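These notes concern the structure reproduced below.
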Amino acid sequence: MEETAQDPTRYDHNQIELKWHERWNNDPNLYKASDSTRPKYYVLEMLPYPSGSLHIGHLRVYAIGDALARYMWMRGHNVLHPMGWDAFGLPAENAAINNNRHPREWTQTNITQMKRQHRRMGFSYDWDLEISTCEPEYYRWNQWFFLKMLERGLAYRKRALLNWCPECGTVLANEQVIDGCCWRHESTPVEQRALEQWFWKITAYADELLRDIDEKLEGHWPDRVLAMQRNWIGRSEGSEIDFKLEGTGEPIRVFTTRVDTIYGATCVILAPEHPLAAQLLDENGRARAKQMIDGRAQKGPGDIEKDGHFTGHYAVNPYSGEKVPIWIGNFVLMGYGTGAIMAVPAHDERDFDFCKTYGIPIRPVIRPVDGVLDENPKAAFPDDGIVERSGEFSGLASGEARARMNKKAETEGFGKAAVTYRIKDWGISRQRYWGTPIPVIHCPKDGVVPVPEKDLPVVLPVDVQLTGKGRSPLADVAAFVNVKCPKCGGDARRETDTMDTFVDSSWYFYRYCDAHNSTAPFDSQKAAAWIPVDQYIGGVEHAILHLIYSRFFTKVMRDIGLIENSEPFKRLFTQGMVVKDGAKMSKSKGNVVSLDEMTERFGADTGRVFELFAAPPEKDMDWTDTGAEGAYRFLGRVFRFVVRNASRRPDGSPEADRRALRKLHQTIRKVTEDFDNRWHFNTSIAALMELINTLYDEEAGLSAAALDQILPSLALLLGPFAPYLAEELWEQLGRKGPVFRQPWPTYDEALTKEDAADIVLQVNGKVRGRLSVPFGTSEEELKKLALADPKVQPSIEGKQVVKVIVVPDKLVNIVVK
RNA sequence: GCCCGGGUGGCGAAACUGGCAGACGCAAGGGACUUAAAAUCCCUUAUUCCGCAAGGAGUGUGUGGGUUCAAGUCCCACCCCGGGCACCA
C-alpha cells in the first residue's frame, strides 16, 4: 500500500483504537464499581477456560456483556463487570504430556495471551478483580468448601460403578457423559469402573432445585434451560411397594408410578446389579447377569434388545396375594428407583415387550373411562382409566385408586407413597493432577481425617511425573502423599484425587465481590451488596452442568450462613453460536478466524458491531468477511459525518432539522427499548444505520443547533457497541470522557411524531391507495375521504358497501359485495 | 417416542399488541468522481403479467384447512430443519 497524506476524514481504526487502548490501560480504576450511591448491577459472562487464544467465535458473548455493562453505567448504575480464568483442567495436563510443558506454565502463557486480546477488544472489565482458579489463593477455598460439606454430611465416600473416560484417564460425573461418551471426547465411549470416590449430596437439594425453577427462575431464564434442568432432576411421584420373596418372606421393594395397575403385575424384574439377584441366581444366572451389565456398558448409539432371565424364584403381591415369578432384566436400572420393578405388561409398553418375548401372561386391569376392558390387548394401554379386577379397588378411577392403595400400603406397613429423582449425587473425584487436591488424609487408625482448616491450602506439588495413565499422578509424589495423621500423629497417606473442575466455577462469581480476601472465600456483606448476579451470559452447553452445580453451591452456602440468597443468577441469557461456512467455529473444522487478524483488518469496534448486527443474540450467527466490511463501512460513515460537521456552524433549514431530529429521537427510543426489553441489538444497530442514512440525506440542510444535538447523541448511542469510535468522536466534539460515564441520551416523544398520518386504504383487505391526513382525524372524516378517493373509486363502483372499518391514524378497509 | 426452538427475497434478517410483508445489511446491477483502480457518494433490486412509457393488475411468509373486515402473526391438522431427553418404571 502506498503512503498517503494524513486525511483527517479517513476512518483509521488502528490509529483510533490503539490511541484509546493506551489511555484506558493506563487508568486502572476506569471500570471500578466504586460508587455505591448508585443502584448496583452485576453483569457477568461465563468464566472462560484459557485454551490458547481467542477467535471471533469467542467474541460474541463478551460483545453482548460489554454492551450491557456500558449501557447500565450510562443508565446510572454502579456496574460490577469482572473477568477471570477457569484455569484448572485437562487440556493443560495433556499439553504437558504431549509437549513436555508444565501445566502451570502452559496455562499462564494462555492467560497472558487471552488477557491481551480481551484488553485489545476494549471490554470494560475491572481487572483488579481478576481471578485464576489454579492459584492456591483461590483453590484453598474449594478445599474449605469441601470441609464444610464434610461437616454437614454433604460429602461422602463410596465405592461405586462410575463412568470412566479412557481418553481423559479419569472418572466423569453423570452430567459429563453425553450419549454414552465423554463430554470432551465425543467419540470415546465411557466405561464402567468400580472405584472408591468422593460424592457431594446434590440429591439432598433436588426438591428445592426443582421448586426454585418454578418459583424463582421461570420467566428470567430461557425456557429450554429450565426444561433441561427439570428433566435432569427428573422428579417422579409414585409408590414403593414390598413384594415378599416366597419362602423367606424377605421384602423386595419396587418403585412404580402406577400402583393402580398392581393387580395386573405378572412378574417382578430386578436390575442385573441388584444385590438380591446375586443371591437368587445360580452360577449360570450370574453369568447371564454379568453379560447384561457388560452389554449395557458398551451400548452404542442404537437401542439394545430387551434381555431377561428367570431366577427360579417367586414373589408375593401384597395386594392380591398372588405369586409371580422373579426375573432379572437388562432394561431395569439399578441407579433409578429401587432397582426393581413390577411388570404390568397390559399397561406399560416396555413390560409388554418384555413379557411378550418371554411368554409371561398379560392381564388387563384398566379400562378407558368410556370404554370396556380389552381382553386381548395388541399393545399396552398406558393411560389412566377405571380400575377393574382389582379386589376392593375395582371401579375406582386410576388417581383415586393410587391414593387409596398408597394409604393401605402405609397402614399395613408394606409400602408408601414415594418420590424418586433421576438426578444422582455429584461424583467430584478425578484421578488427575491439574486440579484442586481433596483435603483429607487416610489414616490406618482413624480412617478418613479432614485436613485441619489451619493447614489449608493443601498445595499442589510442582514436580510431578505426568503420564495420563489411570491413576492420580499425585500418588507417586512421596513428599505429597506421606503425612502424619492430624488426629493421632501416626503415619498416614494423603488423598491423591483432585476435584472436578466444575467445583471451581460453582462459586467464582462470589469471589469477584471480594477477590483478595485471604481469610475467607469472601466477606458476606461484600457479597450481599452484589449477589445475585443481575445478568449472567453464556453458552447453552452449560445448561445442566455448571448451572445446576452453581445453584446447588449457592443453596449450600446459604445453609452454611455465608449468604442469604437462594439462587445465584437472577437472569440468564444464552447466546447463539458463531458459525462460519455452515459449521461451528473450531480448530478441527479449520474455519477459525483469529481475533488478532480480524482486529488488525477491521478493528475491535467493527468486530463487535458485526457480531451484534448479523442476528439477534440468542440465535446462531454467520460470520462473513463481506458482512464485517458492511459494519466497517457503517462506522466509517459515522466517523466521517461527525468529523465533517464537528466545527461547521451552518444556518440550515427548519425542514431538514425537523426530519433529522425526528429520526434521532426515534432512534434513541428504539435503542433504549431494545436494551430494556429484549436485547435485539441487531435492530438497534439497524436503527443507527437508518439514522446515519437520514443524516447523509439531510446533511446539507442541517443547522448548527441541530448538529449540536445530533453529533454528541450519536457518539453516546454508539458507546455500548463501538466504544473506541464513540470515545474518539466524543473527544473530537470537544467533550470530556469517558463516554460510558455520561448519561444515556433521552428522547422527546413529541419529536418522534411524524408530520402526518399515513392512512392505508383497502377494499376487501387489498391495498388500493393511501392518504396523508393530520393525526387525530376523526373516523367519520376518514371514512368520507376513503370512499371519495379516486384510487378507491374504481374498486367500489357499482358494488354495495357492506361495512367500513376505520383504524384511526392507520387504515380504512371498505368491505364491498 | 417425549420436551423446547425454528421454517419469510439470491443470502443474513425485520415486521414488538392481528392492520402497507421484506426495515437494515450483504451480494448483484447501474451511475458520479478518477488517466485508471481502490476508497467514497448516489440510484435500482420479492416475483409474474400488461404497457413504449408514466403507471397498472395479480401472486407471495413450509403445506392443507379454519377464525376475522383484515393473518407471517390467532386456532386445528400435517411436513421439514436444529437442539435437548430417551428403556427413568
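For clarity, every value in this text was computed on a predicted model and none was experimentally measured. The chains referred to below are lettered A, B, ... by the order of the sequence lines, with proteins before strands, and numbering in each begins at 1.
The neighbour count for A/R224 CZ, taken as heavy atoms of other residues, nucleotides or ligands under 6.0 Å away, does not exceed 12. A/E349 CD: 12 or fewer foreign heavy atoms inside a 6.0 Å radius.
Below the 3.5 angstrom threshold, one finds no donor paired with an acceptor across the side chain of A/N231 and the base of B/C85. For A/K306 against B/C87, a side-chain N or O and a base N or O form a donor-acceptor pair under 3.5 Å.
Under the Watson-Crick or G-U wobble criterion, with both distances below 3.5 Å, B/G64 is paired with B/C76. Nucleotide B/G12 has B/C24 as its partner under the Watson-Crick or G-U criteria, with both atom distances under 3.5 Å. Summarising the base pairing, B/U59 is matched to B/A46 through a Watson-Crick or G-U wobble pair whose two defining distances lie under 3.5 Å.
A/R644 has no side-chain polar atom (N or O) that falls below the 4.0 Å cut-off from OP1 or OP2 of B/C41. A sub-4.0 Å separation between OP1 or OP2 of B/A86 and a side-chain N or O of A/R422 is present. The phosphate of B/G19 (OP1 or OP2) has no side-chain N or O of A/K810 nearer than 4.0 angstrom. The shortest distance between the side-chain N/O atoms of A/R633 and the OP1/OP2 oxygens of B/A27 is below 4.0 Å. In terms of phosphate contacts, A/R640 brings a side-chain nitrogen or oxygen within less than 4.0 Å of OP1 or OP2 of B/C41.
No side-chain N or O of A/H309 forms a donor-acceptor pair with one of A/Q291 less than 3.5 Å apart.
When the P atom of B/C20 is taken as reference, atom CG of A/L771 falls 16 Å away, rounded to whole Å. Put simply, CD1 on A/I213 is 14 Å from C1' on B/C4, counting in whole angstrom units. Between A/Y696 atom OH and B/C41 atom P there is a gap of 5 Å when expressed in whole angstrom units. Per the geometry, CD belonging to A/E349 stands 8 Å off C1' belonging to B/G1, to the nearest Å.
Spacing of C1' atoms, B/G64 relative to B/C69, comes out at 24 Å, to the nearest Å.
Annotation for A/N693 and A/R637: closest pair OD1-NH2, 3.0 Å, computed over non-hydrogen atoms.
Here B/G55 is in the anti range [glycosidic angle more than 90° from 0].
Cation-pi contact between A/R678 and A/F573: absent, since separation from the ring centre below 6.0 Å together with deviation from the ring axis within 45° is not met.
In summary, the aromatic rings of A/F675 and A/F721 are positioned with their centroids under 6.0 Å apart.
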Do nucleotides 5-16 of chain B as a string where each nucleotide becomes B, S or -: B if the base has a protein heavy atom under 4.0 Å, S if just the sugar-phosphate does, - if no protein is that close.
-------BSSSB
